[in-house]
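Here is the structure we will look at, set down as structure tokens.
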Amino acid sequence: MSKSLEGLQASFAGESQANRKYLAFAEKADKEGFPQAAKLFRAAAAAETIHAMSHLRTMGGIKTTAENLAEAAGGEHYEHTSMYPDFIKDAEAEGDKAAIHSFKKAMDAEAVHEKLYREMIADLQKGGTFDYYLCPVCGYIEKGSAPEKCPLCGTPKERFEKF
Ligand SMILES: [Fe+2]
Ligand SMILES: [Fe+2]
């Protein structure tokens with residue numbers, strides 16, 4: 001791999017992380033009563049997204065939608081069948097309950113994400129209109145309509161976010 005490509009991959013990862021970190025920091029700043037700091041965090045978070053997207057485009061990381069769906073499904077598959085199970089084992093060995101909880105919460109939702117991506121691969125040319133409903137607590141997604149309660153974490157229907 002060229003040094004340029006290595007740099008693009010590392011920058012994409014770093015800028016993507018900075019984006020999420022700044023959004024979390026903005027939320028905290030709001031809670032602490034510092035709305036101006038929150039504003040700066042949100043503006044900078046948006047800037048990091050611009051940088052991340054540019055790096056991803058430049059490294060050829062955005063392909064056709066069919067290819068992108070396959071890549072997304074593969075990534076989700078890796079996360080819930082390999083990455084999280086390994087991390088959970090390590091965290092169990094260390095008795096880190098908070099880490100185990102965070103990993104498990106994500107792992108179960110990733111399995112659902114993979115299923116939805118695979119369905120979309122099959123449905124891509126069929127068309128049809130429907131919405132997706134996201135659990136804001138655990139990241140579970142339901143197609144069509146929100147469940148009465150999140151099947152993974154019990155969050156009530158009213159809190160689901162529609163896409
Ligand atoms: Fe996911
Ligand atoms: Fe949930």
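In this chain, residues are counted from 1 in sequence order. Whatever order the structure lists ligands and atoms in, that order sets their numbers, starting from 1. From a predicted model like this one, the values you see are computed outputs, not experimental measurements.
Within 6.0 Å of atom CD in E32, more than 12 heavy atoms from other residues, nucleotides or ligands are found, so the atom counts as buried in its surroundings. Within a 6.0 Å radius of NZ in K149, other residues, nucleotides and ligands contribute 12 heavy atoms or fewer.
Draw a line from the Fe ion (ligand 2) to SG of C153 and another to SG of C138, and the angle between them is 120° (to 10°). When OE1 of E110 and ND1 of H113 are joined through the Fe ion (ligand 1), the resulting angle is 100° to the nearest 10°.
When all heavy atoms of F160 and T155 are compared, the pair lying nearest together is CE1-O, 3.5 Å. Across every non-hydrogen atom of G144 and Y133, the tightest pair is O-CE1, 3.4 Å.
The nearest N, O or S atom of E79 is not closer to the Fe ion (ligand 1) than 2.8 Å. The Fe ion (ligand 1) has an N, O or S atom of E76 inside 2.8 Å of it.
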